[in-house]
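Here the structure is a predicted model, which means the values were calculated and not measured.
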Amino acid sequence: MTTAAYELAQVNIARLQAPLDSPQLKDFVDALDPVNAVADRSPGFVWRLQSDSGNATDIPVLGDEWLIINMSVWRDTDALTAFMYQGQHRELLSRRREWFERLSEAATALWWVPAGHHPTVAEAEERIHHLRAHGPTPYAFTLRTSFPAGPAAPDAPAAPEGPTEPAGPEGPAEPAAPDAVLS
């Protein structure tokens, strides 16, 4: 068996509609430990950011106390996607508007890291900012527009991997799959 040189890092941020200890977020908070346990056992899962609480809801991100962060590392996009769109995570994903505000800027970024590397929150913030400023590039991309595994500099232009829809007169077409992860 060959060991991959790179693994897929993902970060996703969400702005809470209410405090974590509010009745409005009870179902979300109650589901964190079970969904994280499923992630930890999922094929292709490598690592996830967590504090002493066992999740990352108390880790500051982007200087906004209403934002929460989720960050993990996976074998590849297939492993991440398989986890995202099945079971309890899929159920939570379908309810995200009950708990989180809709953000107008990119809230999810993916990038390749050397195998064994655990990204920091500062790295994740940098990737989100880069994606917001430049759109998908090998340095920070989305599930909709992914790039092959390998090193990438912040200004590295390259063609995306896989099919992409051409831009029409109103801009890029809206893909069918959302780029949201909740665990």
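To the nearest 0.5 Å, the span separating CG on Leu67 from CZ on Arg15 amounts to 4.5 Å. Of the inter-residue distances, the one linking Ile13 atom CD1 with Leu62 atom CG reads 5.0 Å to the nearest 0.5 angstrom.
Residues that satisfy the side chain to side chain donor-acceptor pair (under 3.5 Å) test with His117, not counting sequence neighbours, are Glu123. Take Ala140 and apply the side-chain contact (heavy atoms from CB on, under 4.5 Å) test, not counting sequence neighbours, and it matches Arg127, His130, Leu131. With sequence neighbours left out, the salt bridge (Lys or Arg N to Asp or Glu O under 4.0 Å) criterion links Asp40 to Arg48. For Ser42, the side chain to side chain donor-acceptor pair (under 3.5 Å) criterion is met by no residue, not counting sequence neighbours. Residues satisfying the salt bridge (Lys or Arg N to Asp or Glu O under 4.0 Å) criterion with Glu98, sequence neighbours excluded, are Arg95. In this structure, Ser104 has no side chain to side chain donor-acceptor pair (under 3.5 Å) partners at least two apart in sequence or on a different chain.
The main-chain N or O of Leu92 is never found under 3.5 Å from a side-chain atom of Arg96 such that the two would form a donor-acceptor pair. A donor-acceptor pair is defined here as one N or O able to donate and one able to accept, closer than 3.5 Å; no such pair exists between the side chain of Glu125 and the backbone of Val61. Between the side chain of Thr137 and the main chain of Phe141, no donor-acceptor pair closer than 3.5 Å is present. Arg132 places no side-chain N or O within donor-acceptor distance of the main-chain N or O of Glu105, the cut-off being under 3.5 Å. With hydrogens and angles disregarded, no donor-acceptor distance shorter than 3.5 Å links the side chain of Glu126 to the backbone of Ala122. Judged purely by atom type and a 3.5 angstrom limit, Thr81 uses its side chain to pair as donor or acceptor with the backbone of Thr77.
Across all non-hydrogen atoms, the minimal contact from Glu101 to Leu16 is OE2-O, 3.8 Å. Considering every non-hydrogen atom in both Pro119 and Trp111, the closest pair reads CB-CZ2, 3.7 Å. Scanning all heavy atoms of the two residues, the minimum distance from Ala79 to Pro43 falls at CB-O, 3.6 Å. When all heavy atoms are compared, the tightest approach of Pro60 to Val121 is O-CG1, 3.7 Å. Looking at every heavy atom in both residues, Ser51 comes nearest to Asp58 through OG-OD1, 2.6 Å.
Residues Ile128 and Thr108 are not in side-chain contact: their nearest non-hydrogen atoms beyond the backbone lie 4.5 Å or more apart. Side-chain contact check for Pro151 versus Tyr6: some heavy-atom pair is nearer than 4.5 Å. Between His89 and Phe83, some side-chain heavy-atom pair lies under the 4.5 Å cut-off. Counting only heavy atoms from C-beta outward, the side chains of Leu32 and Thr57 approach each other to under 4.5 Å. When side chains are defined from C-beta on, Leu8 does not count as touching Arg75, because their heavy atoms never get closer than 4.5 Å. For the pair Gln17 and Trp99, the minimum side-chain heavy-atom distance is 4.5 Å or more. In this structure the side chain of Ile59 never reaches within 4.5 angstrom of the side chain of Met71, judged on heavy atoms. In this structure, Pro19 and Trp66 have side chains that are in contact, with non-hydrogen atoms separated by less than 4.5 Å.
Aromatic ring pairs are classed by plane angle as parallel below 30°, tilted from 30° to 60° and perpendicular above 60°; the pair Phe28 and Phe100 is perpendicular.
A distance below 6.0 Å separates the ring centres of Trp74 and Phe45.
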Practice problem: Begin from the C-alpha positions of Leu110 and Gln10 and carry the test side chain to side chain contact (heavy atoms under 4.5 Å, CB included) through to its verdict. | Solution: CA-CA 4 Å; Leu110 308 175; Gln10 78 78 27; 3.2 Å; yes
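Counting heavy-atom neighbours within 6.0 Å of Arg102 CZ, excluding the residue itself, gives a total of 12 or less.
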